[in-house]
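One structure is given here, and the rest of the page talks about it.
Numbers for residues simply follow the sequence, beginning at 1. Worth knowing before you read on, the calculation uses all heavy atoms, side chains too, and leaves out hydrogens, waters and symmetry mates.
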Amino acid sequence: MESLRGKVAIVTGGSRGIGLAIARALVADGVQVAITGRSAAHLSSARPAIEAAGPGALETLQADVRRHDEIRGAIDAAAARFGALDILVNNAGVGVFTDAASMSPAQWSEVIDTNLTGVFNACHAALPHLRKRRGGFIINISSLAGKNPFAGGAAYCASKAGLNAFSEALMQEVRYDDIRVSYVLPGSVATAFSSGDDTKGADWKIAPAEVADVVVNLLRHDPRSLPSRVELRPSKPKK
């Protein structure tokens, strides 16, 4: 299993939920981590929780993944701060759950631009750094909603289905640069993402730390093979 100590990672949407758990797990393994988020207050409150996890260093960078210039600036700043970039975790995401007829064009754009275009923006900005490093990792946090559409989730499901296809294509494009692309499809996760309450369903939903464990294991996986897609679901979902 590969050692992660000393590697440099950026986690988009790293101030809350799954992103926060991933950042904590990486710092605990000695990774130098930069997290991005739109809210300066959320980034500030996340800092002590992440830094307490272990020996790795932390940088917080305010950026909106929907804006190519902002996420490129954040990725360039992280590489400058830590001297390189080895790992990109695309976690930033939003959800608007309503039927298509009731959804405004602005709501549609917010979901697609964050969950899909935002991933392209981050990858586009990170790839020169990873190629300079002669290898690295891109892990995209998708959702089982990308393969199991449901009523009221048209924008979210479409964004994640697009992310799945983008991940598959990108994996084939950069594999011979020794850049490994994987994507993770969690089911229901106990965060405040959809309900606003991270305790709701915590007795049966996936814990954010369990998604983080999958990410760390992907990064440590023997480079001879690539687990390019991982589906993660509650063992016993609510009936």
Side-chain angles (χ1 to χ4, degrees), residues 8-29 31-54 56-79 81-82 85 87-97 106-107 109-119 121-123 125-126 139-143 155-156 159-160 163 184 186 188-202 205-213 215-216:
V8 178
I10 185 161
V11 181
T12 68
S15 64
R16 295 185 293 173
I18 293 172
L20 176 63
I22 292 170
R24 280 180 52 84
L26 293 174
V27 166
D29 258 26
V31 178
Q32 301 177 93
V33 177
I35 63 169
T36 72
R38 287 189 287 180
S39 166
H42 290 157
L43 289 168
S44 179
S45 64
R47 177 177 286 277
I50 297 171
E51 289 181 328
L58 177 68
E59 183 70 74
T60 60
L61 300 164
Q62 190 171 3
D64 185 341
V65 296
R66 296 176 297 178
R67 295 184 57 87
H68 187 277
D69 57 337
E70 289 190 15
I71 193 60
R72 182 186 62 204
I75 287 172
D76 289 349
R81 164 74 170 80
F82 295 123
L85 181 67
I87 301 162
L88 168 65
V89 180
N90 284 302
N91 169 77
V94 298
V96 177
F97 300 101
Q107 289 174 319
S109 294
E110 181 185 10
V111 175
I112 300 297
D113 290 352
T114 303
N115 298 0
L116 183 53
T117 304
V119 173
N121 288 340
C123 290
I139 297 181
N140 298 328
I141 305 302
S142 184
S143 168
Y156 186 75
S159 73
K160 293 301 186 179
L163 174 56
V184 182
S188 300
V189 182
T191 70
F193 179 76
S194 58
S195 68
D197 182 0
D198 59 6
T199 64
K200 188 175 181 180
K205 289 182 178 180
I206 301 163
E210 293 164 350
V211 183
D213 286 343
V215 170
V216 170

- Task: Could you list the residues that satisfy side chain to side chain contact (heavy atoms under 4.5 Å, CB included) with A57, not counting sequence neighbours?
- Result: Q32, F82

- Message: Testing the basics here: between G13 and N91, what is the closest heavy-atom pair and its distance to 0.1 Å?
- Response: O-ND2, 2.9 Å

- Note on the structure: Residue set satisfying side chain to side chain donor-acceptor pair (under 3.5 Å) with S188, at least two apart, ordered chain then number -> none

- Message: I'd like to check the side chain to side chain contact (heavy atoms under 4.5 Å, CB included) partners of A155; sequence neighbours left out, ordered by chain and number.
- Response: M103, W108, V111

- From OG1 (T36) to CD1 (I10), nearest 0.5 Å: 5.5 Å

- Query: In Å and rounded to the nearest 0.5 Å, what is the CG to CD1 distance from L88 to I75?
  - Reply: 5.5 Å

- Message: Quick test of your reading: applying salt bridge (Lys or Arg N to Asp or Glu O under 4.0 Å), list the pairs with at least one residue in residues 39-50, sequence neighbours left out, ordered by first then second residue.
- Response: R47-E51

- Sequence-distant partners of S39, side chain to side chain contact (heavy atoms under 4.5 Å, CB included), two or more places apart: A41, H42

- Between OG1 of T114 and CG of N121, what distance do you get to the nearest 0.5 Å? 10.0 Å

- Query: Does E210 have any salt bridge (Lys or Arg N to Asp or Glu O under 4.0 Å) partners at least two apart in sequence or in another chain, and if so, which?
  - Reply: none

- Set of salt bridge (Lys or Arg N to Asp or Glu O under 4.0 Å) partners for D29, sequence neighbours left out: R220

- CD1 of I35 to CG of L58, rounded to nearest 0.5 Å, is 5.5 Å

- Message: If the condition is side chain to side chain donor-acceptor pair (under 3.5 Å), which residues does S159 pass it with, not counting sequence neighbours?
- Response: N115

- Message: Is there a side-chain contact (heavy atoms from CB on, under 4.5 Å) between V89 and I141? Walk through the geometry before answering.
- Response: CA-CA 7 Å; V89 180; I141 305 302; 4.2 Å; yes

- Minimum-distance pair of heavy atoms, taken over all atoms of A209 and A21: N-CB, 3.9 Å

- Item | Backbone N/O of A92 and side chain of T12: donor-acceptor pair under 3.5 Å | yes

- Message: For a quick test of reading the model, state the closest non-hydrogen atom pair linking P208 to T191 and the distance between them.
- Response: CG-CG2, 3.7 Å

- Taking all heavy atoms of I71 and all of V65, pick out the closest pair and write down the distance. CD1-CG1, 4.0 Å

- Task: Output all residues satisfying side chain to side chain donor-acceptor pair (under 3.5 Å) with S143, sequence neighbours left out; order by chain, then residue number.
- Result: none

- Task: Specify the closest pair of heavy atoms between R72 and A125, including all atoms of both residues, with the distance to one decimal.
- Result: CA-CB, 3.7 Å

- Task: For N90 and C123, work out which heavy atoms get closest and say how close.
- Result: ND2-SG, 3.5 Å

- Item | Residue list, side chain to side chain donor-acceptor pair (under 3.5 Å) with D76, at least two apart or on another chain | H129

- Note on the structure: So the salt bridge (Lys or Arg N to Asp or Glu O under 4.0 Å) pairs with at least one residue in residues 56-69 (sequence neighbours excluded) are E59-R81, D64-R66, R67-D69, R67-E70

- Task: Starting from the C-alpha separation in whole Å, work towards a yes-or-no answer on side-chain contact (heavy atoms from CB on, under 4.5 Å) for I50 and R24.
- Result: CA-CA 5 Å; I50 297 171; R24 280 180 52 84; 4.0 Å; yes

